[in-house]
Peer 1: 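Okay, here's the structure, questions in a sec.
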Number of protein chains: 2
Amino acid sequence: MANIKDIAKAAGVSVSTVSRVLNQHPYVSKEKKEAVLEAMRQFHYQRNMNAVHLSKGKTFLIGVIIPFTNHPYFGLLIEGIANEAVKNNYKLVIFQTNYEEERELEALEMLQTKQIDALIICSRSVDWSILNDYIQYGPIVLCEDAREHPVSSTFINHYQCFLDALNYLYEHGHRKIGYSLYRKTGTNSTQRERAYRDFLQQHGLPFQESYIFYNCLGFEDGVKVVERLTTLEDPPTALLVTNDILAAGIMTYCREKGITIPHDLAIISFDNQPIAKIMHLTTLEIPLVEMGKNLFLQAIMSKPSAHKEIQVKLIERETV
Amino acid sequence: MANIKDIAKAAGVSVSTVSRVLNQHPYVSKEKKEAVLEAMRQFHYQRNMNAVHLSKGKTFLIGVIIPFTNHPYFGLLIEGIANEAVKNNYKLVIFQTNYEEERELEALEMLQTKQIDALIICSRSVDWSILNDYIQYGPIVLCEDAREHPVSSTFINHYQCFLDALNYLYEHGHRKIGYSLYRKTGTNSTQRERAYRDFLQQHGLPFQESYIFYNCLGFEDGVKVVERLTTLEDPPTALLVTNDILAAGIMTYCREKGITIPHDLAIISFDNQPIAKIMHLTTLEIPLVEMGKNLFLQAIMSKPSAHKEIQVKLIERETV
DNA sequence: CTGTTAGCGCTTTCAC
DNA sequence: GTGAAAGCGCTAACAG
């Protein structure tokens, strides 16, 4: 495999000239440039990126930690990140973790050993105490409110969002409101839970354990939710569902069970993905692509600890 | 950030000695080794992997191309690959392609520029004519029958499998048999299609376009299948379903539609994942973890063009 | 515009 | 056991 020296020799120039055409520097004469290009062609020359990385001290690789790659929520987030990465000539290394800490640590180690320049954590499960050890090795940016930590973050005020949604439901006459969540733990889940408790207390409403649905993520989990709903003797009249896909699953299964929406059950969800429109879902629009873009930009900025709160918009349709 | 020189100086040894303890070479005196270790601790030393990669000429990174990371089929395959990777001290770089050629090309380019040592393609969409250009840069191993190409492969004889399954159904009295597939194209799909045609011809059965279901992959796609099934005036009495998850979706939806299995509709699927047992699915067991292991081993072997056919086993349960 | 040269950080002979 | 030194392939002053 030919290297830069071989090309230089073959083209009758110095390595720096080759390097210049490699990096599209200006000020290379047309003839020499042509000669170099020709030599490259002949030798099937390919840059050894490891050498480039070592020399430059950076890899132009950004790690992205996500629990699942296939869920539309993360899909859109990645899309936002990836779009911006392409623009800035970066590549992405995706770490799908399934929320296993081991996987997250692998990513952190790659940051430590300079195999990636920065790390975007879309959903964290590793503890802050561990994460803190790694911020010295490169930018780590989070997709949760991390204003109290020395990293950057792009986030949504899930507390306020949940509260707004709950109040919206309250205004529409609902007093028995439940919600779904994927994880019990995690910053976002905690914020939402707190909002729920505060809302209840504020309106003097009782807390009903059975109104909360965990481990709900995909369309198929709708079955699970509705199934339990039907066993409740005093079921909620409204549900806050944390993503459109799940909401669609719930709606679909409700239809089969003869539960009318919004008459028997009101639903308000999050994201405003395409499916939300089709299902006429009232939903809180989260600009995921924009969030992704911002996450990426924070990752390549050297500025430490930038924080950006993303605004959410209520889209009123027909499920409340 | 301290480098190997700093450590050498601090420990009062040469860089080679540091390198030796770094790589756990034998023949380093206890005292020096301790001194080096201590210096590393003090400086929070971290190896720069790019330098290692450059020096060694390899990265210990294997690329894995899959269309979706979240589908259990690919999940298990990756598990098999990852298990073996850990044992051999390799890391994986996952490229989720959604079957976009652009993504596959990115992976191939990383092979070309030595950012990964080898590439495992679990499901290919890029054309062979393109792929061939890249085999010079490093091992490429396929998860499809590639015996006619100068790469390694671990594969299933999908033609035979499909034929066996069809004949099994035939023996159970079925004459109207349909099947599901995700992609219309792709080596595996083509093989299966051919088996179906041959089966039909062999038994003098008519070809029914409407018995074939494309774009079926996940649980939720079951709805789609059943929906169409119900519109058919002469529906198939049996279905060959290409994975357990989809089969489970079909079964679930059938139940709601009052279609009894196997009385009204027999189902035989593939994979034998946990869900298959719960649903009492008759299925063809594919040892995905074993396949993954073999794929990985082929990727790190220098032997060119090894090919291994994996055997499939019929698990008889209650859906036929 | 172009070439020389000193790194980037680590590995690996080779000699002692 | 240990160290000196020559790479690995490329970049980026610096000098001309």
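Every heavy atom of this structure was used, including side-chain atoms; hydrogens, water molecules and symmetry mates were not. Below, read A as the first sequence line, B as the second, and so on, with proteins coming before strands; counting in each chain starts at 1. Only a predicted model underlies this, so the values are computations on that prediction, with no experimental measurement involved.
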Peer 1: Can you find a pair of side-chain heavy atoms, one from A:Leu295 and one from A:Leu77, that are under 4.5 Å apart?
Peer 2: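 Side-chain contact under 4.5 Å: yes.
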Peer 1: For A:Lys33 and C:dC1, what is the distance between atoms NZ and P respectively, to the nearest whole Å?
Peer 2: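 That distance rounds to 11 Å.
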Peer 1: For D:dG9, does either OP1 or OP2 sit under 4.0 Å from a side-chain N or O belonging to A:Asn3?
Peer 2: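 Yes.
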Peer 1: Which whole-number value in Å describes the distance from A:His25 NE2 to D:dC10 P?
Peer 2: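 Distance, rounded to whole Å: 15 Å.
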Peer 1: With no hydrogens and no angle check, do the side chains of A:Arg147 and A:Ser153 hold a donor and an acceptor under 3.5 Å apart?
Peer 2: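 Side chains of A:Arg147 and A:Ser153: no pair found under 3.5 Å.
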Peer 1: Side-chain contact test, heavy atoms from C-beta onward, threshold under 4.5 Å: evaluate it for B:Ile66 versus B:Thr97 and give yes or no.
Peer 2: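 SC-SC contact between B:Ile66 and B:Thr97 ruled out.
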Peer 1: Phosphate oxygens OP1/OP2 of C:dG3: is one of them under 4.0 Å from a side-chain N or O of A:Lys32?
Peer 2: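 Answer yes for this pair, as a side-chain N or O of A:Lys32 is under 4.0 Å from OP1 or OP2.
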Peer 1: Taking the six-membered ring for Trp, are B:Phe68 and A:Phe68 ring centroids under 6.0 Å apart?
Peer 2: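 Ring centroids of B:Phe68 and A:Phe68 are no less than 6.0 Å from each other.
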Peer 1: Do the side-chain N or O atoms of A:Ser55 get closer than 4.0 angstrom to the phosphate oxygens (OP1, OP2) of D:dG9?
Peer 2: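 Answer no for this pair, as no side-chain N or O of A:Ser55 is under 4.0 Å from OP1 or OP2.
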Peer 1: By the 4.0 Å heavy-atom rule, please label B:Val13 as base, sugar-phosphate, or nothing.
Peer 2: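 Sugar-phosphate only.
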Peer 1: In Å, rounded to the nearest 0.5 Å, how long is the span from CE of B:Met49 to NZ of A:Lys114?
Peer 2: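 So the CE of B:Met49 and the NZ of A:Lys114 are separated by 13.0 Å.
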Peer 1: Find the distance B:Lys58:NZ to C:dC10:C1' and express it as a whole number of Å.
Peer 2: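 One finds 16 Å between C1' of C:dC10 and NZ of B:Lys58, rounded.
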Peer 1: Would you say B:Ser14 places a side-chain N or O within less than 4.0 Å of OP1 or OP2 belonging to D:dG3?
Peer 2: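 Yes, within the criterion.
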Peer 1: Choosing from C:dT11, D:dT11, C:dC1, which nucleotide comes nearest the side chain of A:Leu22?
Peer 2: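 Taking heavy atoms from C-beta onward, the closest nucleotide is D:dT11.
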Peer 1: Among the nucleotides D:dG3, C:dT12, D:dG1, which one has an atom lying closest to any side-chain atom of B:Ser29?
Peer 2: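 The listed nucleotide nearest to B:Ser29's side chain is D:dG1.
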Peer 1: Under 4.0 Å from OP1 or OP2 of C:dT11: is there any side-chain N or O of B:Ser19 that close?
Peer 2: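 For C:dT11, OP1/OP2 do have a side-chain N/O of B:Ser19 under 4.0 Å.
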Peer 1: Let's see if you can work this out: which of D:dG9, C:dT2, D:dT11 has an atom nearest to the side-chain heavy atoms of A:Val28?
Peer 2: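 The nucleotide sitting nearest to the side chain is C:dT2.
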Peer 1: Grab the CD-C1' distance between A:Glu34 and C:dT2 for me, whole Å please.
Peer 2: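 Computing the A:Glu34:CD to C:dT2:C1' distance gives 18 Å.
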Peer 1: Determine: side-chain N/O of B:Tyr45 to OP1/OP2 of C:dC10, distance under 4.0 Å, yes or no.
Peer 2: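 Yes, such a contact exists.
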Peer 1: Is any N or O donor-acceptor pair between the side chain of B:Thr17 and the base of D:dG1 shorter than 3.5 Å?
Peer 2: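 No, no donor-acceptor pair under 3.5 Å.
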Peer 1: What is the distance from CD of A:Glu31 to C1' of C:dT2, rounded to the nearest Å?
Peer 2: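 To the nearest whole Å, that distance equals 13 Å.
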Peer 1: A:Ser16 side chain: which of D:dG3, C:dT11, C:dT4 is closest?
Peer 2: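 The listed nucleotide nearest to A:Ser16's side chain is C:dT4.
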Peer 1: Rounded to whole Å, how long is the line connecting atom CG of A:Asn23 with atom P of D:dC10?
Peer 2: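 To the nearest whole Å, that distance equals 11 Å.
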Peer 1: What integer distance in Å separates B:Ile4:CD1 from D:dA5:P?
Peer 2: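 Going from B:Ile4 (CD1) to D:dA5 (P), I get 16 Å.
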Peer 1: Name the closest nucleotide to the B:Arg20 side chain, picking from C:dC10, D:dC8, D:dT2.
Peer 2: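 Given the options C:dC10, D:dC8, D:dT2, the side chain of B:Arg20 is closest to D:dT2.
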Peer 1: Quick one: on DNA chain D, does B:Val15 or B:Pro26 contact a more 5' nucleotide (nearest heavy atom)?
Peer 2: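 Taking each residue's closest nucleotide, the earlier one in sequence belongs to B:Pro26.
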